[in-house]
Structures are given as C-alpha cells and as structure tokens.
Amino acid sequence: MLDIGLIRKDPEGVRARLATRGATATEGLVQVLQADEERRKLVGEVEKLKSERNTISKEIGGKKAQGESVDDLMAGMKEKSDRIAALDRQVAEVEVQQEGLLLSIPNLPWEECPKGTSPTDNPVVSKWGEPKKFDFKAKDHVALGEALGILDFTASAKISGSGFSVYKGAGARLERALINWMLNLHSGEHGYTEVSPPFLVREASMVGTGQLPKFRDDMYAVEGGELFLVPTAEVPVTNLHREEILTEADLPKRYVAYTPCFRKEAGSAGKETRGLARMHQFDKVELVCIEHPDRSMKALEELCGHAEAVLQKLGLHYRKIELCAGDLGFGAARCYDLEVWAPGMGQFLEVSSCSNFRDFQARRMGLRFKGADGKNRPCHTLNGSGTALARLFIALVETYQTKDGKVEIPETLWALLGTKTIG
RNA sequence: GGACAGGUGCCGGAGUGGUCUAUCGGGCUCGCCUGGAAAGCGUGUGUUGGGUAAAACCAACCGAGGGUUCGAAUCCCUCCCUGUCCGCCA
C-alpha cells in the first residue's frame, strides 16, 4: 500500500513512477486523491461537532450532580448526535472506498529499476556454471521419472486431476531430502530462524502480503470459511509480526519456512505445463526478511545470495535476471529471478524470485519499528524462494541423468537421501 | 461441538451510566539525592487520524463490529480470541 501522504504531496511524481509499470498501473490514483480530500473534509466537520458534544455532555453531568436543571443544555443535543452519526457513516464509507483503492494500487518500482515492459526486457545479471553436455539424447524428467518409477502422473491425474503430482519411492525421498537439506542450510549457515507456519490463513493475512483483494481468482479458498490455502510461505511468515511495533534492535528478522504452495494458476493453461513445471500444489522453502529501510537493498543482495547458494551447492547451471519495471510483481519494488537450466526440457525454469517490497506490505499489515527518533515507521519486508521444489527436482534429475536412464545424485544429498544413485 | 469463566495501557490489576483527563501497584525514561549505587523524592511514559512550518490543540481507541443514550470501559446484540471442564480425535 502506498503512503497516502506521499500521493497527496507529490501526485505527479507518484504517477510517473507507477507509469513505468505500464499504463494501467496508475488506475485509481485520481479517485484515491478525491476520496482523501472528501474524507479529510468530513473528518474535520465531525470532529468539531464531537468536541462540542463532549463539552456539553460534561456540563450536563456536572449540573445533574448538583441537582440543577439541564433542560437548556439538552435542547438540540439529539439533533447534534444524529448529525454526528450521519457524518460518521459518511466518513466510514469514504474510508472504505479510499482503502479499497489504495489496496489495489501496485507498489512504486525502485528508482533505478531497469526500464521495460515485458520479460524480454529483463537484463541478465549473471550466469553460474555451464549447461550440462551429454553424449546421448537427454530425456526430460517426465520420461526419466516415469521410467524410474519415481513420478506417477497417471496416479496424480486420477486422484486430483491435472496440475498435481505423485512422487514415489526414491522420488518422494528426494523431495523430502531437498526440503530438509535447504532448511538445514538456511537455518544452520545463513542465520535464518526456522518456522513451521499454518498452511491455511485468514483473509487479513492475504491482504497484508498483497494477494488480496486483487488476486482472489488465483487463490484457493476453503468452502464456507474465510480461510485460504497459502500460495507461498511468504503469507504466514511475513504476517508473523503483523500489527506489531518492533525496536531497531529487533531488526533484521530472518525466517525460513517450508510449506506446500497452492495456486489455481488461472489463465496459464497450456504454458509451461509439461510434467512438474507448473503445479496447483508444489513444495517450497521460503526465505523472509524484515529489515530497517536503510538496509533493505543490501538485504536483498544477501537473501538472493542465500538462494543462489542452493543451486551452487547442487552444481546446477542457472542465470540471475533482474525484472524490469513493467514485469515486476504487484507488491515488489525490486526483484531478481533465479532460473535454473533444465537440460531435458531445454529451457530455464524460474526456481526463485527474490523481492524487496520496501514498506508496501508493512503498511498493509501495520508492521512498524520505533526509530531512534521515537517515531514509528513501517519496516521493509523481503522474501525469496530458497528454493521452489518441483522445478528444482526437474533440474536435478535432468542434469544428473546417465546414459542408461539413472540419476547420479550430488554428494551433498547422499546422507539425507540414503543413496548415491536412483535407478 | 457443548458448558462455564474471562479479554482494560509495557506488565499486574481496579473501575457496573456523567470532571474517566482510566484509580492503584510494578516496570521503564529523565532529573534530584549519592564518592558510586540502592532506597527515597520528583517527572514523564500508548496507538491511529485531523491539524501545524514545527508545536499547541482536537477526535477516536478499554478484544472486534453494531445498538440504546444528551453522554458508554460500564447496559443490549453479534462475532473473534484465551482459559477450564466435557465430548470427539491424530
């Protein structure tokens, strides 16, 4: 959520920065300013009346206590109260309107965000490793996995339909080993506190991180309740400190959490849907950081480095790209994507998205810290996948496949997996 | 799911219609005192919105939302949460 004070103070500056996201990003700006002006006018009016009412009510109390007549004071009080009630209703109405508009306006891109309007404008920041070369025709993970009996798409389709997966045997164990290994890495070596959060969250939490109200169609809602299945651990974990005022000494807060992620993926049918690449349910280990505004850009580099460490330790070729303003997610001010090379599919797959939201989410969830000057300011929040499973699984089995259809597992996972080779 | 008891400030804990400007105690801040500390004394101590150059000042907030009233922490309704017991259950 943008700061209404900033919009009021510099509407043209805000408009110009939002416009770098694309033409539709500035929708609602005019209306939100109108609502703000209307709201302040009404509030001024009603508070003056309330002040008068408070004064007279006290006088009535005092006179009654001394047995004096209060008839003259009572005259007109009912009308005043009715007028206040009517104005209060108007204020509430305008507030709801203003809040709704503010919640639907995306974040301001970082001042130095790459310009651009589509994914093709995203600059490649760096590459790590080399694409794996084979002296045979590399299979994709679907062919490999089904032949090895570690993936069963027939079963998952039967149980739940398309967009779901069944891992079996060494496949299931590999999934679990990867989750454990990543949690151990981030909590043990990168200084994150491990959290195991709820997988169902209330609407307010989804509003806090920005999924709602705008992206309701992408979320799974529990029938009859107001709970939603988490689309990412970012939601429950960032909301750990919702409506809190932290001290500067509390910052940074770093959390790592494993959760399954549930996404409807509405409108993405047919794109990248082969095998495990796009699921309605997938596992993910997520990194979350709550930081001081002065340090959040540095924290983004660190957090992204922690995600990169996963790919490096597994010896997987990947590239790091920075999203241009036009490709930035709704709440992000700056974002890096990590894309791992899947040699069987012959393409890069996004396994991590590391974003700095600055104060956008913090404003929505009332997450503040008390500064040295005693003033409360919104914290900055960041998160990044560290990393997403399914696609990591794809890259791993496709990269380490052998000519005879086996998979040779990197040494880092041997102990947790209990074997060096699958097949 | 059922019954009962609760939810007040940083913490404990009063307050059942009117100077509540939320008693009191503890904690913490700053100051005095002291060689230094403790004790003691004094002082201050929330959030949000409006307002202002900044203040002053004003309004709202006693779990949340409605209602009654000139006036609500207090009375009424709905909901949420916590505790205890019962039921159910991994």
Side-chain angles (χ1 to χ4, degrees), chain A residues 1-10 32-103 196-208 212 221-228 236 239-251 260 359-379:
Chain A
M1 185 162 73
L2 300 186
D3 177 7
I4 185 63
L6 178 65
I7 300 177
R8 202 188 291 153
K9 213 172 97 191
D10 182 20
V32 91
L33 270 173
Q34 285 169 349
D36 180 54
E37 196 177 325
E38 175 74 3
R39 189 189 105 255
R40 286 188 297 149
K41 197 189 104 200
L42 291 167
V43 163
E45 215 174 312
V46 74
E47 286 190 353
K48 184 162 166 283
L49 286 170
K50 282 181 178 175
S51 181
E52 290 169 14
R53 181 178 69 181
N54 286 347
T55 306
I56 298 173
S57 282
K58 264 180 204 169
E59 276 182 56
I60 292 174
K63 287 205 170 184
K64 271 203 165 183
Q66 291 166 23
E68 293 173 32
S69 162
V70 293
D71 291 356
D72 54 328
L73 289 173
M74 295 280 264
M77 281 296 273
K78 177 71 179 160
E79 286 70 39
K80 202 183 277 286
S81 269
D82 288 347
R83 176 84 185 121
I84 287 171
L87 282 169
D88 266 343
R89 271 192 291 275
Q90 285 187 58
V91 169
E93 218 172 280
V94 178
E95 270 176 355
V96 166
Q97 191 197 347
Q98 179 180 329
E99 182 83 352
L101 286 162
L102 272 180
L103 286 175
S196 180
F199 301 163
L200 288 167
V201 297
R202 28 179 21 153
E203 181 161 350
S205 297
M206 296 283 267
V207 171
L212 293 180
V222 174
E223 180 80 34
E226 95 279 353
L227 292 175
F228 295 81
N239 276 284
L240 276 173
H241 296 287
R242 190 150 67 85
E243 296 293 337
E244 286 183 16
I245 301 172
L246 305 174
T247 66
E248 286 204 20
D250 290 330
L251 302 175
D359 62 3
F360 188 80
Q361 295 181 324
R363 271 183 204 287
R364 291 176 159 243
M365 65 177 78
L367 167 57
R368 295 148 292 167
F369 73 97
K370 193 169 283 294
D373 58 358
K375 291 236 168 73
N376 299 326
R377 298 166 63 192
C379 301

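Just so it is clear, the values below take in all heavy atoms, side chains as well, and ignore hydrogens, waters and symmetry mates. Just so we're on the same page: letters track the sequence lines, and every chain starts at 1. The structure presented is a predicted model; accordingly, all values stated were derived computationally and were not measured.
- Between A:E99 atom CD and B:G49 atom P the separation is 11 Å, expressed in whole Å.
- Dashed line: the shortest gap from a side-chain N or O of A:S57 to OP1 or OP2 of B:C70 is not under 4.0 Å.
- In this structure, CD of A:Q90 is placed 21 Å from P of B:G49, rounded to the nearest angstrom.
- Distance alone, capped at 3.5 Å, is enough to place a donor-acceptor pair between the A:R364 side chain and the A:V207 backbone.
- Distances from the side chain of A:N376 to the nucleotides B:U47, B:G67, B:G50 place B:U47 closest.
- Spacing between B:G6 and B:A73 at atom C1', rounded to whole Å, works out to 15 Å.
- Distances shown here put every side-chain N or O of A:R202 at or beyond 4.0 Å from the OP1 or OP2 atom of B:A64.
- Taking every side-chain heavy atom of A:I60 into account, B:C70 is the closest of B:U21, B:C70, B:G67.
- Among the heavy atoms of the strands lying under 4.0 Å from A:K64 is at least one base atom, whether or not backbone atoms are also near.
- Rounded to a whole angstrom, the distance from the C1' atom of B:G18 to that of B:U74 is 12 Å.
- With rounding to whole Å, A:R83 atom CZ is found 19 Å from B:U69 atom P.
- Look at CD on A:Q98: it is 14 Å from C1' on B:U48, rounded to the nearest Å.
- A:K370 comes within contact range of the sugar-phosphate backbone alone, with a heavy-atom separation under 4.0 Å but no base atom that close.
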Between side-chain atoms of residues 74-86 of chain A and protein atoms elsewhere (two or more places apart, or another chain), which donor-acceptor pairs fall under 3.5 Å?
from, atom 1, to, atom 2, distance (Å)
A:K80, NZ, A:E52, OE1, 2.6
A:S81, OG, A:R53, NH1, 3.4
A:R83, NH2, A:E45, OE2, 2.9

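- Taking the C1' atom of each, B:U52 and B:G63 are spaced 34 Å apart, rounded to whole Å.
- Although no hydrogens or angles enter the test, the distance criterion places a donor-acceptor pair under 3.5 Å between the side chain of A:D250 and the main chain of A:T247.
- Taking 4.0 angstrom as the limit, A:R368 places a side-chain polar atom (N or O) nearer than this to OP1 or OP2 of B:U48.
- Rounded to a whole Å, the CD atom of A:E52 is 21 Å from the P atom of B:G50.
- Separation of the P atoms belonging to B:U23 and B:U78 is 32 Å when rounded to the nearest angstrom.
- A side chain to side chain donor-acceptor pair (under 3.5 Å) with A:N239 is found for exactly one of A:R242, A:H241, A:E243, namely A:R242.
- For the pair A:L102 and A:I7, the minimum side-chain heavy-atom distance is below 4.5 Å.
- For A:E47 and B:G51, a side-chain-to-base donor-acceptor distance below 3.5 Å is absent, hydrogens and geometry of angles not being considered.
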Inset, instruction - For RNA chain B, just give me the dot-bracket, please: Watson-Crick or G-U, both distances below 3.5 Å, ( ) intra-strand, [ ] crossing earlier pairs, | paired with another strand, . unpaired. - result: ((((((((.[[[..)..(.....]]]((.(((.......))).))(((((......))))).[[[[[..)....]]]]])))))))....
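- You'll find the side chain of A:K9 stays beyond 4.5 Å of the side chain of A:D3, heavy atoms only.
- Phosphate proximity of B:C70 to A:K78: present, with a side-chain N or O under 4.0 Å from OP1 or OP2.
- Counting any heavy atom pair closer than 4.0 Å across all strands shown, A:R363 reaches no nucleic acid atom.
- Here the side chains of A:L367 and A:L246 are in contact, with some heavy-atom distance below 4.5 Å.
- Separating the C1' atom of B:U43 from that of B:U29 is a span of 9 Å, rounded to the nearest Å.
- A close approach under 4.0 Å does not occur between any side-chain nitrogen or oxygen of A:K58 and OP1 or OP2 of B:C20.
- With contacts defined as side-chain heavy-atom distances shorter than 4.5 Å, the pair A:L227/A:R202 qualifies.
- For the C1' atoms, the distance from B:G9 to B:A14 is 13 Å, rounded to whole Å.
- Distances shown here put every side-chain N or O of A:N54 at or beyond 4.0 Å from the OP1 or OP2 atom of B:C58.
- Between the CZ atom of A:R53 and the P atom of B:U69 there is a distance of 13 Å, rounded to whole Å.
- For the OP1/OP2 pair of B:G50 and a distance below 4.0 Å, the side-chain nitrogens and oxygens of A:R39 include at least one atom meeting the criterion.
- When distances are taken from the side chain of A:I245 to each of B:U47, B:G50, B:G18, the shortest belongs to B:U47.
- Comparing B:C41 with B:G27, their P atoms are spaced 12 Å from each other, to the whole Å.
- Within the 4.0 Å cut-off from OP1 or OP2 of B:G51, at least one side-chain nitrogen or oxygen of A:R40 is found.
- Comparing the same atom, C1', in B:A53 and in B:U48 gives a spacing of 23 Å after rounding to whole Å.
- Distances shorter than 4.0 Å separate none of the side-chain N or O atoms of A:S81 from OP1 or OP2 on B:U69.
- Between the P atom of B:U48 and the CD atom of A:E243 lies a distance of 10 Å, rounded to the nearest Å.
- With the nearest nucleotide of RNA chain B identified for both A:K48 and A:R89, A:K48 has the one nearer the 5' end.
- Contact between A:K370 and A:N376 at its shortest, heavy atoms only, is NZ-OD1, 3.0 Å.
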Inset, instruction - Show your reasoning for whether side-chain contact (heavy atoms from CB on, under 4.5 Å) applies to A:Q90 and A:V46. - result: CA-CA 10 Å; A:Q90 285 187 58; A:V46 74; over 6 Å; no
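- The separation between A:E93 atom CD and B:G66 atom C1' is 16 Å, rounded to whole Å.
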